[in-house]
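This chain uses plain numbering: 1 for the first residue, then up along the sequence. Any value given below was found using the heavy atoms of this structure, including those in side chains, with hydrogens, waters and symmetry copies removed. All figures in this text were calculated on a predicted structure; none of them were measured in a lab.
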Amino acid sequence: MAQRTVAVASASGLHARPAKLFVQEAARLGVPVTVRLGDKAVPARSMLGVLSLGAVQGTEVTLEADGPGAEEALDALAALLSRDLDADAEPGAKSDAEEALDA
């Protein structure tokens, strides 16, 4: 099983907008990924699951996946989490991450 441990960079942690972008990207990648914080593990495609982790800025989470495309999916999701997705936001404007998700 492939794993990546990454610190959540977004100012609001994995809440609201950053969680939405993360979950959308996980679903788009099509590889089952699990997000683990301590003893709790949730599917990366589950908005409620990701929110329930309560990960704040600086919290280290572990991403886990298995099978074809796992390494690439983990790299993409780890890169997303390592950015402050809140800093990209301007009222009414789409961030780079949102533009990439729309592509």
Smallest heavy-atom separation, Val6 atom then Ser82 atom, equals CG2-CB, 4.0 Å
Distance-minimising heavy-atom pair for Leu21 and Leu80: O-CD2, 3.8 Å
Side-chain heavy atoms of Leu29 within contact of Leu77, under 4.5 Å: yes
Pair Arg4 + Glu71: basic N to acidic O under 4.0 Å: yes
Arg83 vs Ser10 side-chain heavy atoms within contact, under 4.5 Å: no
Please answer whether the main-chain N or O of Ala9 pairs with a side-chain N or O of Gln57 as donor and acceptor at a distance below 3.5 Å. yes
Over all heavy atoms of both residues, which pair between Val61 and Ala55 is shortest? Give the atoms and the distance, please. CG1-CB, 4.3 Å
Rounded distance [0.5 Å steps], CG in Leu14 versus OG1 in Thr59: 8.5 Å
Please name the pair of heavy atoms, one in Leu74 and one in Gln3, separated by the smallest distance, quoted to 0.1 Å. CD1-N, 3.7 Å
In terms of heavy-atom contacts, Asp86 and Ala11 come closest through OD2-N, 3.3 Å
Test item: Pro18 and Ser12 side chains (from C-beta on) under 4.5 Å apart, heavy atoms: yes
Can you find a heavy atom in the side chain of Leu37 that is under 4.5 Å from one in the side chain of Thr62? no
Closest heavy-atom pair and its distance - Val56, Val8: O-CB, 3.9 Å
Any side-chain heavy atom of Leu53 sitting closer than 4.5 Å to one from Val35? yes
Donor-acceptor pair, distance only, cut-off 3.5 Å: does the side chain of Ser46 make one with the backbone of Pro43? no
Decide yes or no for Val33 and Phe22: does some side-chain heavy atom of the first lie under 4.5 Å from some side-chain heavy atom of the second? no
Any Arg36 side-chain heavy atom under 4.5 Å of Lys40 side chain: no
